[in-house]
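Numbered from 1 within each chain, the chains take letters A, B, ... in sequence-line order.
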Amino acid sequence: MARPDAGGLPAGPWDQRVWRLVARIPTARLATYGQVAELLGAWGRARQVGWALRRLPLPTAIPWHRVVNARGSITMTPSREGSDWIQRDLLVAEGIPVDARGRLPLDRFRWDPPLPLVF
DNA sequence: AGAATGACGCTGA
DNA sequence: TTCAGCGCCATTC
């Protein structure tokens, strides 16, 4: 309910790992929360990826907007206080079509991470 | 400490 | 295709 403000609080190692991985998603490419979790060896922790991105102090150079849900849409919810619409704008600006409901062609823009992933 | 809450994901109706 | 119901698990209340 209350929106915890991460500003000022040091990001934990989990946040750092999520951010560093998301930072290498190329322009106009998309990844899902579950995909990011999996690449970090954390299968089943998609929600935690969402939280890590939620803690990003905005504005940021990290392309957090390139992470969407597995259904191929932006999770639109008032609890995001507008970051969902910002995400839509940023994606459209990169050339990815997003409809009014937040749905987008995930298959066409899916990011194929180069292997091996080294950190 | 226990309950509630999600920027999730999968299954089944 | 949409939607409800669950399982999931760190964070919050």
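Taking atom CG of Leu40(A) as the reference point, atom P of dC9(C) lies 16 Å away to the nearest angstrom. Distance CZ (Arg71(A)) to C1' (dG5(C)): 14 Å, rounded to an integer number of Å. In this structure, Gln48(A) places its CD atom 9 Å from C1' of dT11(C), rounding to the nearest Å. The nearest whole Å value for the distance from the CD atom in Gln87(A) to the C1' atom in dC8(B) is 13 Å. For the pair Glu38(A) CD and dC8(B) C1', the interatomic distance rounds to 13 Å; values are reported in whole Å. Here the P atom of nucleotide dG6(B) and the CG atom of Asp84(A) are 14 Å apart, to the nearest Å. The nearest whole Å value for the distance from the OH atom in Tyr33(A) to the P atom in dC9(C) is 19 Å. To the nearest angstrom, P of dC9(C) lies 11 Å from CZ of Arg47(A).
Residue contacts shown for Trp64(A) include a base, since a base heavy atom lies under 4.0 Å away.
Within the 4.0 Å cut-off from OP1 or OP2 of dC8(B), at least one side-chain nitrogen or oxygen of Thr75(A) is found. Between Arg45(A) and dG7(C) there is no side-chain N or O to OP1 or OP2 distance below 4.0 Å.
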Could you check Arg66(A) against Leu90(A) for side-chain contact (heavy atoms from CB on, under 4.5 Å), going step by step and ending with a plain yes or no?
CA-CA 9 Å; Arg66(A) 311 214 260 242; Leu90(A) 291 173; over 6 Å; no
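Remark on DNA chain B: of its neighbouring residues Trp51(A) and Asn69(A), the 5'-side contact belongs to Trp51(A), judged by nearest-heavy-atom nucleotide.
Rounded to the nearest 0.5 angstrom, Thr32(A) OG1 and Trp111(A) CH2 are separated by 11.0 Å. Rounded to the nearest 0.5 angstrom, Leu39(A) CG and Arg17(A) CZ are separated by 12.0 Å.
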Strictly under 3.5 Å: I want the nitrogen or oxygen pairs between protein and nucleotides 2-4 of chain B, one per line.
none

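Proximity of a side-chain donor or acceptor of Thr77(A) to a complementary backbone N or O of Arg80(A) within less than 3.5 Å is not detected. Judged by distance alone, with hydrogens and angles left aside, the side-chain atoms of Trp64(A) form no donor-acceptor pair with the main-chain N or O of Arg54(A) at under 3.5 Å.
Ile74(A) forms part of a hydrophobic cluster together with Leu30(A), Val68(A), Met76(A), Trp85(A), Leu91(A), Val92(A), Ile96(A), Val98(A), Leu104(A), Leu106(A), Phe109(A), judged by ILVMFWY side-chain heavy-atom separations under 4.5 Å.
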